[in-house]
Amino acid sequence: MSKVTLAIPPDFILGAAASAWQTEGWHGKKAGQDSYLDAWYQQDRQAWHNGYGPAVATDFINRYREDVALMKACGLTHYRTSINWSRFLLDYETAEVDEDYARYYDALLDEMRANDIEPMLCLEHYELPAVLLEKYGGWGSPVVVDLFLRYAEKVFARYAGKVRRWFVFNEPIVVQTRVYLDALRWPGHQSTSTWMQWNHHKNLATARVVRLFRDCGYTGSVGTILNPEVTWARSDAPHDRRAAEIYDLFYNRVFLDPAIKGEYPAALLQLLAQHQVAWHYSEADLALIAENRVDEVGLNLYYPHRVKAPSRAWHPETPFHPAYYYEPFERPGRRMNRSRGWEIAPRIVAAMAHRMRDEYDNFPWFIAENGMGIENEAQFRDASGEIQDDYRIEFIAEHLYEALRAREAGINCQGYMLWSFTDNVSPMNAFKNRYGLIEIDLANQRQRRMKKSAHWYRQLRDRRQLTLTLDDEAK
């Protein structure tokens with residue numbers, strides 16, 4: 001074991017992230033402004049831990065000044081959240097702006113700027129208006145792509161002078177994977193074709209928003225936030241390596257390649273055709289994606305995904321699913337966050353960093369989310385009332401170390417952002433596992449308290465250096 005100290009470059013982001021729907025609550029929400037998440041919560045509340053959902057969340061919409069002061073106290077250089085599409089507009093067809101909600105964002109952005117915290121905004125973080133899911137089938141329809149562009153026009157026109165770093169989506173693969181590929185969430189209908197159609201329309205929407213931003217001559221950048229799962233094969237045997245390559249095609253490269261390279265992987269298109277996955281696109285769509293690549297990507301990195309070749313034949317009457325080619329593999333002895341059921345493997349950051357350098361021409365990227373959710377975190381409260389989350393400090397330090405090492409090696413890693421700033425609502429998980437630097441006390445009017453990690457994070461910013469103890473093998 002030895003102590004290691006790394007310098008944090010002056011321009012390296014030390015931020016945190018959240019979203020509108022997971023923090024704001026429904027205060028002031030008008031009839032007809034439900035998002036997909038709001039509708040799911042109303043239709044299937046028992047799926048959410050202890051019934052907590054987006055209705056109150058952390059009440060950020062009323063307490064943003066208090067929370068921005070806490071952001072500053074934690075030392076955040078940047079804060080990423082989303083604008084809730086379902087609330088920003090009163091009419092999704094005409095793009096009539098809800099001035100009450102828009103003024104709240106005016107005030108929030110001004111408050112952040114006044115406290116030297118750089119805002120980063122996503123246009124969509126699962127907040128598809130529920131009425132567009134009901135009327136058009138959501139992102140399965142090209143009409144929704146058109147309506148999203150009308151929304152983006154209004155957002156850029158209003159806030160382009162206050163925000164310099166924009167992101168079209170956060171984790172654009174997630175909703176349709178949970179709803180249509182795996183049928184795990186409401187409304188739950190298994191269709192790989194619908195899944196791929198949603199993927200394509202989100203890739204198309206990304207390219208169209210990029211073109212809009214540039215054509216309007218706005219200052220700043222426009223990117224997207226993806227959640228690629230670093231995929232490791234059980235072994236180096238060809239059948240296991242093939243399983244990992246195909247998993248990577250369907251879950252990672254389906255968004256990474258269009259965003260950065262401007263095209264779908266040929267191998268993915270071949271497999272979709274081979275398995276008769278029906279999705280609609282045009283040559284004009286592909287040309288637009290090729291001509292309008294993003295400026296940067298944020299990558300949400302939490303855990304590795306390990307796979308092996310399937311051991312059983314696919315049932316002939318079961319419709320095609322990418323799992324035709326792989327099975328999950330649990331490596332014995334792996335280090336785990338048992339609260340969340342996720343493997344802890346900080347070297348996923350190094351693996352992704354080298355991939356961005358070697359396969360994506362050292363494209364600019366940053367860690368947009370990384371964090372550790374712990375259940376029953378109050379058990380770690382000390383006599384003063386502060387949660388002693390040394391496990392979170394260790395987790396952040398180990399992942400940040402890999403990011404800084406990549407930066408030192410000339411890899412274009414722009415920073416690190418923690419999920420999340422405060423404890424907040426997550427789909428189904430609700431407040432079961434806590435991720436925040438700041439505790440949200442549900443039993444006491446959502447009172448905020450800094451955890452030990454919040455003070456440590458502030459020191460990172462003030463000192464601009466990371467010190468940690470590593471096994472000699474990890475150095």
Next item on the list: Determine whether the side chains of Asn412 and Gln414 contain a donor N or O and an acceptor N or O closer than 3.5 Å.
Entry: yes
Notebook entry, point to check: Taking all non-hydrogen atoms of both residues, which atom of Arg464 and which atom of Pro10 are closest, and how far apart?
Noted result: NH2-O, 3.6 Å
Notebook entry, point to check: Looking at side-chain heavy atoms only, is the closest gap between Ile438 and Cys74 below 4.5 Å?
Noted result: yes
Item checked: Over 12 non-hydrogen atoms of neighbours within 6.0 angstrom of CD in Gln276 -> no
Next item on the list: Evaluate the side-chain contact (heavy atoms from CB on, under 4.5 Å) criterion for residues Glu439 and Glu377: first the C-alpha distance (whole Å), next the side-chain angles of each, then the deciding distance (0.1 Å), finally the verdict.
Entry: CA-CA 9 Å; Glu439 177 191 6; Glu377 200 169 48; over 6 Å; no
Check: Can a salt bridge be assigned to the pair Glu118 and Arg164 using a cut-off of 4.0 Å between side-chain N and carboxylate O?
Finding: yes
Next item on the list: Measure from the side-chain N and O atoms of Ser453 to the backbone N and O of Asp389, and report whether any donor-acceptor pair falls under 3.5 Å.
Entry: no
Note to self: How long is the straight-line distance from OH of Tyr79 back to CG of Leu121, given to the nearest 0.5 Å?
What the structure shows: 10.0 Å
Check: Nearest heavy-atom pair of Asn84 and Ser35: which atoms, and what distance?
Finding: OD1-CB, 4.4 Å
Next item on the list: State the OG1-CE distance between Thr192 and Met196, to the nearest 0.5 angstrom.
Entry: 11.0 Å
Margin query: Given 3.5 Å as the limit, does a donor-acceptor pair link the side chain of Gln190 with the main chain of Leu181, or not?
Written below: yes
Next item on the list: Salt-bridge test for Arg253 and Glu359: reply yes if a basic N is under 4.0 Å from a carboxylate O, no otherwise.
Entry: no
Check: Under 3.5 Å, side chain of Ser339 to main-chain N/O of Ile374, donor-acceptor pair present?
Finding: no
Checklist line | Gap separating the CD atom of Gln465 from the CG atom of Leu6, nearest 0.5 angstrom | finding: 9.5 Å
Check: Nearest 0.5 Å, what's the NZ-CZ distance between Lys308 and Arg331?
Finding: 15.0 Å
Item checked: Of Lys432, Arg434, Arg392, the residue whose pairing with Asp423 passes salt bridge (charged side-chain N to carboxylate O under 4.0 Å, His left out) -> Arg434
Margin query: Donor-acceptor check, side chain of Asp295 to backbone of Gly223, threshold 3.5 angstrom: yes or no?
Written below: no
Check: Does the distance from a Lys or Arg side-chain N to an Asp or Glu carboxylate O, for Glu291 and Arg211, drop under 4.0 Å?
Finding: no
Next item on the list: Could you give me the CA-CA distance, side-chain angles and deciding distance for Met372 and Glu394, then say whether side-chain contact (heavy atoms from CB on, under 4.5 Å) is met?
Entry: CA-CA 10 Å; Met372 188 176 196; Glu394 179 184 13; over 6 Å; no
Note to self: Looking only at the side chains, is there a donor atom on one of Asn300 and Glu171 sitting less than 3.5 Å from an acceptor on the other?
What the structure shows: yes
Notebook entry, point to check: Quick check, are the ring centers of Trp279 and Tyr264 under 6.0 angstrom apart?
Noted result: yes
Note to self: So if I apply the side-chain contact (heavy atoms from CB on, under 4.5 Å) rule between Asn292 and each of Leu212, Val210, Leu204, which one comes out positive?
What the structure shows: Val210
Next item on the list: Spell out, as yes or no, whether a donor-acceptor pair under 3.5 Å connects the side chain of Thr224 to the backbone of Val168.
Entry: no
Checklist line | Tyr435-Arg340 side chain donor-acceptor pair, cut-off 3.5 Å | finding: yes
Next item on the list: Flag the pair His201 / Ser141 as yes when at least one side-chain heavy-atom distance between them is below 4.5 Å, and no otherwise.
Entry: no
Check: Between Lys202 and Phe169, is NZ or CZ placed under 6.0 angstrom from the six-membered ring centre and within 45° of the ring axis?
Finding: yes
Item checked: Polar contact flag, side-chain donor to acceptor under 3.5 angstrom, Arg461-Tyr457 -> no
Next item on the list: Spell out, as yes or no, whether a donor-acceptor pair under 3.5 Å connects the side chain of Asn337 to the backbone of Gly373.
Entry: yes
Note to self: Please tell me whether Tyr159 and Trp166 form a close aromatic pair, meaning their ring centres lie under 6.0 Å apart.
What the structure shows: no
Checklist line | Flag, side chain of Glu127 to backbone of Leu123, donor-acceptor distance under 3.5 Å | finding: no
Check: When the ring centroid of Phe363 is compared with that of Trp365, is the distance short of 6.0 Å?
Finding: no
Note to self: Is the ring pair Tyr180/His189 parallel, tilted or perpendicular, if the boundaries are 30 and 60 degrees?
What the structure shows: perpendicular
Margin query: Can you tell whether the side chains of Arg208 and Asp146 come within less than 4.0 Å, N to carboxylate O?
Written below: yes
Checklist line | Within-4.5 Å side-chain heavy-atom neighbours: Met356 and Ile260 | finding: yes
Notebook entry, point to check: Can you tell me if CZ on Arg150 sees more than 12 non-hydrogen neighbours from other groups inside 6.0 Å?
Noted result: yes
Notebook entry, point to check: If you measure only the distance, is there a donor-acceptor pair under 3.5 Å linking the side chains of Asn424 and Thr58?
Noted result: no
Margin query: Just so I know, are the side chains of Arg178 and Met428 near enough to count as touching, which here means a heavy-atom distance under 4.5 Å?
Written below: no
Notebook entry, point to check: Is Tyr324 atom OH crowded by more than 12 heavy atoms from other residues, nucleotides or ligands, each under 6.0 Å away?
Noted result: no
Checklist line | Pair Arg87 + Asp38, salt bridge at N-O below 4.0 Å | finding: no
Checklist line | Shortest non-hydrogen contact between Ile117 and Val68, atoms and distance | finding: CD1-O, 3.8 Å
Notebook entry, point to check: Sub-3.5 Å donor-acceptor pair from the side chain of Asp285 to the main-chain atoms of Ser282, do we have one?
Noted result: yes
Check: Do Phe366 and Phe167 have ring centroids that are under 6.0 Å from one another?
Finding: yes
Check: Do we see a donor-acceptor contact under 3.5 Å between the side chains of Tyr325 and His275?
Finding: yes
Note to self: If I take atom OG from residue Ser221 and atom CE from residue Met120, how far apart are they, to the nearest 0.5 angstrom?
What the structure shows: 7.5 Å
Check: With no hydrogens and no angle check, do the side chains of Tyr251 and Asn227 hold a donor and an acceptor under 3.5 Å apart?
Finding: no
Check: When you check the side-chain N and O atoms of Tyr247 and Glu229, is any donor under 3.5 Å from an acceptor?
Finding: yes
Item checked: Ser426 (side chain) donor-acceptor with Asn429 (main chain) under 3.5 angstrom -> no
Next item on the list: Might you point out which heavy atoms bring Arg458 and Lys72 nearest each other, and give the distance in Å?
Entry: NH1-O, 3.0 Å
Item checked: Test item: Thr194 and Gln176 side chains (from C-beta on) under 4.5 Å apart, heavy atoms -> no
Notebook entry, point to check: Taking Trp48 as the fixed residue, which of Trp186, Phe431, Trp40 is the one that meets the ring-ring contact (aromatic ring centres under 6.0 Å, His included) rule?
Noted result: Trp40
Margin query: Check whether Trp232 forms a cation-pi arrangement with Arg347 (NZ or CZ under 6.0 Å from the six-membered ring centre, at most 45° off the ring normal).
Written below: yes
Checklist line | From CA spacing to verdict: side-chain contact (heavy atoms from CB on, under 4.5 Å), Leu400, Asn370 | finding: CA-CA 9 Å; Leu400 179 56; Asn370 174 251; over 6 Å; no
Margin query: Please check if the number of heavy atoms outside Arg463 that lie under 6.0 Å from its CZ is greater than 12.
Written below: no
Check: Which atom names give the shortest non-hydrogen contact between Ala351 and Val230, and what distance separates them?
Finding: CB-CG1, 4.0 Å
Margin query: Can you give me the closest heavy-atom contact between Ala20 and Tyr105, atom names plus distance?
Written below: CB-OH, 4.1 Å
Item checked: Nearest-0.5 Å distance, CD of residue Glu327 to CG of residue Asp240 -> 10.0 Å
Margin query: When you measure from the side chain of Asp462 to the backbone of Gln459, do you find a donor-acceptor pair of N or O atoms at a distance under 3.5 Å?
Written below: no
Checklist line | Derivation of the side-chain hydrogen bond (donor to acceptor under 3.5 Å, both in side chains) call for Thr206 and Asn203 | finding: CA-CA 5 Å; Thr206 299; Asn203 281 320; 5.3 Å; no
